[in-house]
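Before any comments, here is the structure.
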Amino acid sequence: MKILILGSGGREHALAWKISQSPLVDEVYSAPGNPGMDKIGPCFDLDVTDLMAVQELALQIMPDLIIIGPEAPLAAGASDALRARGFDVFGPSQQAAQLETSKGFAKDLMQKYGVPTAEYGRFDDLTEALEFLETMNAPYVIKADGLAAGKGVVIAETLEEAENTVEEFMTGKFGEASSEIVIEEFLKGEEASIFVMTDGEGAIYLPVAQDHKRVGDGDVGPNTGGMGAYAPAPVVDARTLELVQATIVEPMLSGMAEDEMPYQGVLYVGIMVTEAGPKVVEFNARFGDPECQVLMAGLPGDIVPALLVCATGGLVSAHADLCEMMGLSDFKPSAVVVMAANGYPGTAEKGTVIKGVEIANALDGVTVFQAGTDVNDQGELVAAGGRVLGVTAVGDDLRMAISKAYDGVAAIEWTGGFYRKDIGHRVLK
Ligand code: AMP
Ligand code: GLY
């Protein structure tokens, strides 16, 4: 079987690594991929939002399954274009991906299906938005409706700051993406990431992960794409997970199927575990990054059959077999520490030389996933993006997994980067 993966981050490297271990798979192709993915199979340099280029590549390779990693090609309609060409695709349609690409769309659907989430208002008129703010209490949560590279959410402590943010957003800060906004109630609690693989009808729940979004130790500083993660995250106990299934995932999947926009692929449910139970903070239409890295590292079995069934249908009847093939009940506790280039999440320094990846990879239980990396003219691995490496490890328990991940980090020689030293602090307490 031939599999094509679209994307170039740590998430896609982890998927390629896992998929390449399947006895069903002969070759893993990536576009555009990265130097880590290049060691697994051929990489093709292209813009994954260029639908013509993506279709041409698929027609050239004729893969048995195409996996769309990031949100940008989903937003551009890559899954629809590829399905129209007859390919099996793991990833939602452009319409269903609006769960991530339009916060207002997601909120309206949650309201329609009675899914617990923060109270909200949706606005394209500045005066109405400012009036609504007056009715809310601090802290104020303001969200750009569209994709804003992870910078579209502001939590304002004062009314003045909130008003300024609303004005900035609606007068063009993120262009079209913020001309419409959502203002919502602040939810108190601990966050967790739930990943559900689905064909639109059945659902496989992967172990719950927890991300570390802030750049600095102790959860301080600006938001990032995620500086580290671990799974399984004990913050979501069996009772909370039952509530997530019954009050969030099942109504969303059945509602969307009934509304003729079935959701296929992986649904990422960002929840806040509040005193009143789990509530949705956001949906994403893809695997989280770095969460995907711990999920792939910790799954002992073969994920390919489940990916295929999500793309083609039939999950309900195959559910038990797919979970067993994936080794879901033997998931190994897993942690990832992200190494980022100096300057991230602002302008990241490029071109600094990274050594020791092979040494880290040789450590027991450690796998280094690459993200923003490149190879220079001397053949050395260099930084080429914000988040650069995901040093991932499995262990007998989370404490051991985290400790091994940091052993891996210690083996990396890179003066141009930094990492958080407290990944997993909530479980190590
Ligand atoms: P989002 O892009 O929607 O995930 O928002 C980014 C981050 O802002 C989330 O991971 C939360 O930490 C925080 N956040 C978003 N919405 C809320 C909310 N209603 N209450 C509290 N925190 C929130
Ligand atoms: N790690 C958070 C995300 O992928 O959105």
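Ligands are counted one by one from 1 in listed order, and the atoms in each one are counted from 1 as well.
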Exercise. Of the backbone atoms (N, CA, C, O) and the side-chain heavy atoms from C-beta on, which set of R11 has a member under 4.0 Å from an atom of ligand 2: side chain, backbone, both, or neither?
Worked result: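 None of R11 does.
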For this session: Could you name the option among E100, E282, R286 that has the heavy atom nearest to atom 5 (O) of ligand 2?
Result: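 Going through E100, E282, R286 one by one, R286 has the nearest heavy atom to atom 5 (O) of ligand 2.
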For this session: State the CG-CD distance between D125 and E131, to the nearest 0.5 angstrom.
Result: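 Separation between the atoms: 8.5 Å.
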Atoms of ligand 2 close to [X] [distance to a heavy atom under 4.0 angstrom, numbered from 1]:
| X | answer |
| --- | --- |
| Y268 | 2 (C), 3 (C), 4 (O), 5 (O) |
| G288 | 4 (O) |
| D211 | 1 (N), 2 (C) |
| N284 | 5 (O) |

Test of proximity, [X] against ligand 2: N or O pairs below 3.5 Å:
| X | answer |
| --- | --- |
| G225 | yes |
| R387 | no |
| D289 | yes |

Test item: side-chain donor near acceptor, [X] and [Y], under 3.5 Å:
| X | Y | result |
| --- | --- | --- |
| E190 | Q210 | yes |
| D302 | S22 | yes |
| Y140 | E163 | no |
| D145 | S102 | yes |

Problem set entry | Pocket residues of ligand 1, ordered first by chain and then by residue number (heavy-atom cut-off under 4.0 Å) |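 Residues near ligand 1: K103, A118, V141, K143, V153, I155, E184, E185, F186, L187, E191, K213, M272, V281, E282.
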Problem set entry | Ring geometry between H13 and F369 (parallel below 30°, tilted from 30 to 60°, perpendicular above 60°) |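 Answer is perpendicular, since the angle exceeds 60°.
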For this session: Kindly indicate, with the supporting measurements, whether the criterion salt bridge (Lys or Arg N to Asp or Glu O under 4.0 Å) is fulfilled by E191 and K279.
Result: CA-CA 10 Å; E191 276 182 80; K279 294 190 179 184; over 6 Å; no
For this session: Locate the shortest heavy-atom distance separating I402 from A335; write the atom from each residue and the value.
Result: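 It is CG1-CB, 3.6 Å.
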For this session: Is it possible for you to check whether K103 lies under 6.0 Å from the centre of the six-membered ring of F105, through NZ or CZ, and within 45° of that ring's axis?
Result: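 No.
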Exercise. Can you tell me if T274 uses its side chain to pair, donor with acceptor, with the backbone of P278 under 3.5 Å?
Worked result: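 No, T274 side chain to P278 backbone: no donor-acceptor pair under 3.5 Å.
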